[in-house]
Amino acid sequence: MPYDGLSVYHIAKELKKLTGTRIHKVYQPVKDELILFFSDKDKSMVQICANPSFSRISTTSNKYDNPMNPSGFCMLMRKYLIGAQLRDVYQKGFDRILVFSVENLDDAGRLIKMSLVCEIMGKHSNIILINDETGKIIDSIKHVSSTVSSYREVLPKRDYVSPPNDKLDPLDYDMSDCMDIISFNADKNISAAFMNTFSGISKQLARSILIDINEEDRTLRSVGGKNEVTELTEKFITSLKEKLNEEGGYLYYDEDGKVKEFSSVYYSIFDEYTHEKISSMNLATEKYFLSKSVKAHISERYEHIITKVASLLSREESKLAIRNRELSEAQDSEKYNIAGTLLLSNLHLMKKGETSVEVDNYYEEGMPKLRISLEPHLNPTQNANRYFKLYTKAKNAVIHLEKLIEESENEIYFLSSQLCYLKNASNASQAEEIIAELVKHGTIKVKNAKGIKKDIPSAPMRLMFGEYEILVGRNDRQNDRLTFKMARADDIWLHTKDIAGSHVILRTENGTAPDEALDAAAKLAAFYSKGRESGKTEVDYTFAKYVKKPAGAPAGKVIYTNQHTVYVGAVSPEEMGAVEIKQTEQK
């Protein structure tokens, strides 16, 4: 994933078009991300993400939720940035640091110049607002104390210190300094030597440039002496500088159509992939990260609820196992009835104080001997009555346990379904609809229940796969609506076998659909299920007319007949080329 200095260079170059515009809104949808809304004619939004796995900067067209209770950091950013004019956007050196230079009026009406420094450096990524006049940090999205970093503290009112970097700027360096540094890498490959010498050079970029200049990635020592290394360095940097003038970006796909990499210019190292030219590097960045990061952000934002539901599910599964074991024991109650009857028939063989008696068991062929245990403090009749009481108790327990088991099974179905839907939610609105269902069910309590919409009108996801329409329910209410109100009798209904997941409907033409459409619908059923990450999954399908809801069954739970089963891997709509028709487009 080459989000390197060249990527940041092109991102900054494209963002310069926003210079002179003002910031009119600031969102912090998750703890390590900011969304800046600009006042240009395109109403541009810039996403700055400091998530260790998905750190990046790019414009975005995605819709983000504005949390009901913004963090203290978000409130401070709004105080300083809303109404601020963007004076410049630039890259610091050739490093993965991009700076938004802004100015705004403070509470006293004085002009204050600030820098929003975005350090896009994996696990060390950060978003830091600095007062340019004092050089002091106003605040940062991540605080770094001296106990974490001895080199620099990133805390309010501390002096801002750039991240440590002893590499050279490839666009502004002295060759003698370059030779001093590069000489320490003589036994490394050429690509590694350049990565260790110059800022912002990723392994993929270094290897791609070597391919472009027809240079084998051998050890630096094998290149020759100082003159040869100098000549090679100049060729490398010349090729790099030529790439600065290119426009747009690239996405790279594997043979299954999955996005594997992205870059600002064509990287020859990715020749094994199919590539797509994108109109801007910002768009290429957004497309690459969107499918990879949205799910992670949703899981992170609602991690505490996911953990709670998973814990309740595990507890309920343990209860069900215990109840099934107790039921198995209770169903063996006839042995108590037999023991009591045999004791009544053999009262003359027993005396009070005995611990057992051996009698003929005339309930079995050949009347084998059966030893029955006795309570020594009871007389023979009382011992017989004791077994009859155990028999009655066991019969009543069966009725009670069967009811409890049904309750446990329904609760497990509900919890596993909600957990599946929550993990598969693609945005906060979907997640909060599921949370509202959990609150309504009494599964969880939330502090800010007023912020959860109790009856959110929603519709199943509608996809077009070629000429065929596929509908996907994303929670229990949508599943019921989809299966029993929207589906036609001869539409094909699909669901993962024996595990939680979405109901999927494939619209047919008089009960028929091509195999490729059925295969796509089955793969979507696997994707929107608990089995998403488990390789291939069994998916049942039948006509919608064969799907019924048992009396008293919870939402989303059904029974079906006349089904067939296919074994497929999970594939997302984007990967299979299905196009989502947004709810606003539905009539």
Side-chain angles (χ1 to χ4, degrees), residues 308-419 441-443 497-500 530 538 540 546 548-563 565:
K308 173 71 172 177
V309 175
S311 175
L312 291 172
L313 174 60
S314 176
R315 189 185 307 170
E316 198 64 42
E317 288 172 337
S318 296
K319 285 164 61 177
L320 178 62
I322 293 171
R323 287 168 177 174
N324 277 322
R325 186 167 61 249
E326 291 175 346
L327 177 63
S328 179
E329 293 172 358
Q331 286 174 330
D332 195 22
S333 60
E334 186 59 27
K335 65 183 181 182
Y336 299 125
N337 186 41
I338 291 172
T341 303
L342 291 175
L343 289 180
L344 284 180
S345 301
N346 295 276
L347 292 175
H348 62 284
L349 297 178
M350 295 177 286
K351 294 180 181 178
K352 186 176 181 179
E354 293 179 331
T355 58
S356 66
V357 64
E358 190 173 71
V359 299
D360 294 327
N361 183 4
Y362 50 77
Y363 282 95
E364 291 188 17
E365 188 177 351
M367 293 196 302
K369 294 293 184 179
L370 176 66
R371 181 162 293 279
I372 302 173
S373 62
L374 302 172
E375 292 291 337
H377 64 281
L378 300 178
N379 63 37
T381 303
Q382 289 172 329
N383 266 299
N385 288 335
R386 171 176 166 269
Y387 277 102
F388 289 131
K389 288 178 181 177
L390 288 173
Y391 172 63
T392 302
K393 182 179 179 180
K395 283 202 306 180
N396 292 336
V398 168
I399 298 171
H400 181 61
L401 285 167
E402 284 177 344
K403 181 180 180 181
L404 291 178
I405 286 170
E406 182 181 4
E407 291 174 358
S408 281
E409 288 174 342
N410 285 338
E411 186 69 7
I412 288 170
Y413 175 84
F414 175 79
L415 292 173
S416 61
S417 295
Q418 305 316 306
L419 189 60
H441 186 72
T443 305
K497 186 174 183 177
D498 299 328
I499 61 173
K530 185 180 178 181
E538 287 184 296
D540 287 340
Y546 296 127
K548 310 294 180 187
K549 175 173 282 297
K557 190 171 185 180
V558 298
I559 56 174
Y560 51 91
T561 56
N562 300 86
Q563 72 271 21
T565 304

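Quick caveat, the model's predicted, so the values are computed rather than measured.
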Counting N and O atoms only, with roles assigned by atom type, does the side chain of [X] sit under 3.5 Å from a partner on the main chain of [Y], one being a donor and the other an acceptor?
X: Asn346; Y: Leu349; answer: no
X: Lys549; Y: Lys557; answer: yes
X: Ser416; Y: Tyr413; answer: yes
X: Asn410; Y: Ala553; answer: no
X: Gln382; Y: Asn379; answer: yes

Classify the side-chain pair [X]/[Y] by whether it contains a donor and acceptor separated by less than 3.5 Å.
X: Tyr560; Y: Asp540; value: yes
X: His400; Y: Glu326; value: no
X: Ser345; Y: Tyr362; value: yes
X: Thr341; Y: Tyr391; value: no

Could you measure the distance from the [atom1] atom of [X] to the [atom2] atom of [Y]? Nearest 0.5 Å is fine.
X: Leu419; Y: Ile412; atom1: CG; atom2: CD1; result: 12.5 Å
X: Ile338; Y: Glu334; atom1: CD1; atom2: CD; result: 5.0 Å
X: Glu409; Y: Leu320; atom1: CD; atom2: CG; result: 5.5 Å
X: Glu317; Y: Ser408; atom1: CD; atom2: OG; result: 10.0 Å
X: Lys530; Y: Ile499; atom1: NZ; atom2: CD1; result: 7.5 Å
X: Glu407; Y: Glu411; atom1: CD; atom2: CD; result: 9.5 Å

Gln418/Thr443 under side chain to side chain contact (heavy atoms under 4.5 Å, CB included): CA gap, chis, key distance, verdict = CA-CA 10 Å; Gln418 305 316 306; Thr443 305; over 6 Å; no
Please examine the side chains of [Y] and [X], heavy atoms only from C-beta on, and report whether any two atoms are closer than 4.5 Å.
X: Leu378; Y: Lys352; result: no
X: Arg325; Y: Ile322; result: yes
X: Val558; Y: Lys548; result: no
X: His441; Y: Phe414; result: yes
X: Arg323; Y: Leu401; result: yes

Heavy atoms only: give me the nearest Leu415-Val309 pair and the separation to one decimal.
->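 Heavy atoms of Leu415 and Val309 come nearest at O-CG1, 3.8 Å.
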Check Ala394 against Ser333 and note the closest heavy-atom contact, atom names and distance.
-> CB-CB, 3.3 Å
Evaluate the criterion side chain to side chain contact (heavy atoms under 4.5 Å, CB included) for residue pair Leu370 and Ile372; output intermediate values, then yes/no.
-> CA-CA 6 Å; Leu370 176 66; Ile372 302 173; 4.1 Å; yes
Please test Ser373 against Tyr387 for side chain to side chain donor-acceptor pair (under 3.5 Å), starting from the C-alpha separation and ending with a verdict.
-> CA-CA 10 Å; Ser373 62; Tyr387 277 102; 3.1 Å; yes
Do Leu374 and Leu343 pass the side chain to side chain contact (heavy atoms under 4.5 Å, CB included) test, and can you show the C-alpha distance, the side-chain angles, and the key distance before you say yes or no?
-> CA-CA 10 Å; Leu374 302 172; Leu343 289 180; 3.9 Å; yes
State whether Lys369 and Glu358 are salt-bridged, where the test is any N-O pair (Lys NZ or Arg NE/NH1/NH2 against Asp/Glu carboxylate O) under 4.0 Å.
->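 No, Lys369 and Glu358 are not salt-bridged.
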Is it true that Glu316 and Lys319 make a salt bridge, defined as a side-chain N closer than 4.0 Å to a carboxylate O?
->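 A salt bridge is present here (some side-chain N lies under 4.0 Å from a carboxylate O).
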Check the surroundings of atom NZ in Lys308: do more than 12 heavy atoms from other residues, nucleotides or ligands lie under 6.0 Å from it?
-> no
